[in-house]
Amino acid sequence: GVLIAPDQVLTAAHCVAEPDGTVATPADFTFVAGWLRGEAADAVTVKSIWIHPSAYASGKLNILYDIARLTLERATTVAPLLVANLHVSAPFGIVGYSTKRPHMLGAAFDCESERLSNIIQLDCAVLPGNSGSPVLTQTSNGWSVTAIVSAMGRNGALAVPIPSLD
């Protein structure tokens, strides 16, 4: 997940729901900010979970809406990232933790993109565990979140644009 406000985190819906869309118990989750080799800048339990209403409308995951927002019990001490409207122009970045390196942040900042319907395909590879990671784009204010990684596609990452929250 990615911190987008002092008490708000975006992630993939499938990271916080059962395969049928049943939302997990919020108190079972803790958002850990700045995790590096067993140490964190802050850790806050989750108060509530919102899943996009279309994510599981058919009883199974619709990847086009694989996005969730977590509200934390309190504001973190870590600065959130800005959210920006999606512009399908390179380069994009993906930052996240994978099952291969769960204690160290991995990143790629040279991803090219292609818009496929309501999803973005990036040519950067993702690994298991990267779901819910932010897709970043460079703006005049620095790197900002524009999408959330949902899955591994044949040619790279598949990501849900943040404007689909509406």
Side-chain angles (χ1 to χ4, degrees), residues 1-5 8-21 23-24 28-38 40-41 43 46 49-52 54-56 58 60-70 78 80-139 142-165:
V2 59
L3 190 65
I4 60 161
Q8 300 286 309
V9 174
L10 285 183
T11 191
H14 77 264
C15 293
V16 294
E18 299 294 329
D20 66 355
V23 180
D28 289 343
F29 291 91
T30 299
F31 177 71
V32 180
W35 182 259
L36 178 61
R37 295 185 178 141
V46 173
I49 299 172
W50 172 89
I51 292 179
H52 194 288
S54 298
Y56 290 93
S58 68
K60 64 179 185 175
L61 180 65
N62 180 340
I63 193 173
L64 300 177
Y65 303 100
D66 187 13
I67 197 159
R69 184 176 47 236
L70 313 178
V78 175
L81 292 177
L82 297 174
V83 175
N85 289 332
L86 178 69
H87 301 286
V88 184
S89 60
F92 285 96
I94 297 176
V95 179
Y97 298 90
S98 71
T99 55
K100 284 191 174 186
R101 288 179 28 165
H103 301 289
M104 291 190 67
L105 196 59
F109 288 99
D110 58 352
C111 306
E112 300 287 330
S113 70
E114 178 181 351
R115 185 82 182 235
L116 305 172
S117 181
N118 291 330
I119 203 152
I120 309 303
Q121 180 173 307
L122 301 164
D123 67 357
C124 287
V126 292
L127 300 169
N130 284 144
S131 290
S133 296
V135 175
L136 308 173
T137 189
Q138 186 118 46
T139 68
W143 288 94
S144 297
V145 181
T146 59
I148 296 295
V149 173
S150 176
M152 294 183 283
R154 282 182 284 168
N155 299 318
L158 297 176
V160 178
I162 291 176
S164 69
L165 284 169

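Bear in mind the structure is a predicted one, so any value in this text is a computation, not a measurement. Computation of the quantities below employed the complete heavy-atom set of this structure, encompassing side-chain atoms and omitting hydrogens, waters and symmetry-equivalent molecules. This chain uses plain numbering: 1 for the first residue, then up along the sequence.
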Validation row: [X], [Y] side chains within 4.5 angstrom (heavy atoms):
{"X": "Y56", "Y": "H14", "answer": "yes"}
{"X": "F109", "Y": "V95", "answer": "yes"}
{"X": "S54", "Y": "N62", "answer": "no"}
{"X": "D110", "Y": "C124", "answer": "yes"}
{"X": "I94", "Y": "C111", "answer": "yes"}
{"X": "I162", "Y": "L10", "answer": "yes"}
{"X": "L136", "Y": "F92", "answer": "no"}

Shortest non-hydrogen contact between [X] and [Y], atoms and distance:
{"X": "T146", "Y": "A84", "result": "CG2-O, 3.6 Å"}
{"X": "V135", "Y": "A159", "result": "CG2-CB, 3.7 Å"}
{"X": "F29", "Y": "A24", "result": "CE1-CB, 3.3 Å"}
{"X": "A5", "Y": "P80", "result": "N-CB, 3.4 Å"}
{"X": "G132", "Y": "C15", "result": "N-SG, 4.3 Å"}
{"X": "V78", "Y": "A41", "result": "CG2-CB, 3.7 Å"}

**Report entry** L158 vs I63, side-chain contact (heavy atoms from CB on, under 4.5 Å): CA-CA, chis, key distance, verdict
**Finding:** CA-CA 9 Å; L158 297 176; I63 193 173; 4.1 Å; yes

Side chain [X], main chain [Y], donor-acceptor under 3.5 Å:
{"X": "D66", "Y": "V160", "answer": "no"}
{"X": "S144", "Y": "V83", "answer": "no"}
{"X": "N118", "Y": "L64", "answer": "no"}

Query raised in the report: What residues form a side chain to side chain donor-acceptor pair (under 3.5 Å) with D20, not counting sequence neighbours?
Result: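 Partners of D20 under the side chain to side chain donor-acceptor pair (under 3.5 Å) test: T22.
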
**Report entry** Interatomic spacing from OG1 in T137 to CD1 in I120 - rounded to 0.5 Å
**Finding:**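 Spacing of OG1 (T137) from CD1 (I120) equals 10.5 Å.
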
Requested in this report: With rounding to the nearest 0.5 Å, note down the distance linking CD1 in I4 to CZ in R69.
Outcome: 7.0 Å

